[in-house]
Amino acid sequence: MTLPLSIARLLGALTLLLFLAGCETAPPVQEMSDARQAITVAREAGAADLAAAELAEAEEYLQNAELRLDRQQYREARNAALEAKLRAQQALKLSEAAKDSNGD
């Protein structure tokens, strides 16, 4: 009857794995860097004029990520940084589309 013991061990291991996965112990360094870089690229592409709202949203998410990082709320910081990057990429796409439609 080792099957129930094996199942118990498996469940215990899965529980531990899920717990550890839920604990974010490392700062989201790469995500923060990616977000900052995406915002810089969007700004250089003219997003401040051509996609101002989206760029502002990206910057707000980055500020939120920085605040969460300072508070060591790494999961929330990571999520906000990822959202900042996404918004910056949207701002970049809108800027490029606006330039294309204007013939620039």
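- The hydrophobic cluster of Leu67 has no other members, since no ILVMFWY side-chain heavy atom comes under 4.5 Å of it.
- Hydrophobic clustering, defined by side-chain heavy atoms of Ile, Leu, Val, Met, Phe, Trp and Tyr closer than 4.5 Å, groups Leu92 together with Val41.
- Residue pairs meeting the side chain to side chain donor-acceptor pair (under 3.5 Å) criterion with at least one partner in residues 46-59, sequence neighbours excluded, are Arg43-Glu59, Glu57-Arg87.
- Taking CD1 from Ile39 and CG from Leu55, the interatomic distance works out to 7.0 Å, rounded to the nearest 0.5 Å.
- Note that OH of Tyr61 and CG of Leu82 are 12.0 Å apart. Values are rounded to the nearest 0.5 Å.
- Rounded to the nearest 0.5 Å, atoms CG (Leu94) and CD (Gln90) are 7.5 Å apart.
- Checking side-chain atoms of Asn102 against main-chain N and O of Ala98 turns up a donor-acceptor pair under 3.5 Å.
- Closest heavy-atom contact between Ala81 and Ala65: N-CB, 3.7 Å.
- For the pair Lys99 (side chain) and Ala45 (backbone), a donor-acceptor distance under 3.5 Å is present.
- Between atom CG of residue Asp100 and atom NZ of residue Lys93 there is a gap of 13.5 Å, rounded to the nearest 0.5 Å.
- Of all non-hydrogen atoms in Ala51 and Ser95, the two that sit nearest each other are CB-OG, 3.9 Å.
- Judged purely by distance below 3.5 Å, without hydrogens or angles, the side chains of Asn79 and Glu83 never pair a donor atom with an acceptor atom.
- Met32 is not listed as a side-chain neighbour of Lys85, based on a closest heavy-atom distance of 4.5 Å or more.
- Put simply, the side chain of Ser33 never gets that close to the backbone of Val29: no donor and acceptor are under 3.5 Å apart.
- The distance from atom CZ of Arg68 to atom CD of Glu76, rounded to the nearest 0.5 Å, is 5.5 Å.
- Taking OG1 from Thr25 and CZ from Arg75, the interatomic distance works out to 11.0 Å, rounded to the nearest 0.5 Å.
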Legend entry - Intermediate values then yes/no, salt bridge (charged side-chain N to carboxylate O under 4.0 Å, His left out), Glu66 and Arg36: CA-CA 11 Å; Glu66 290 169 346; Arg36 288 184 187 105; 3.5 Å; yes
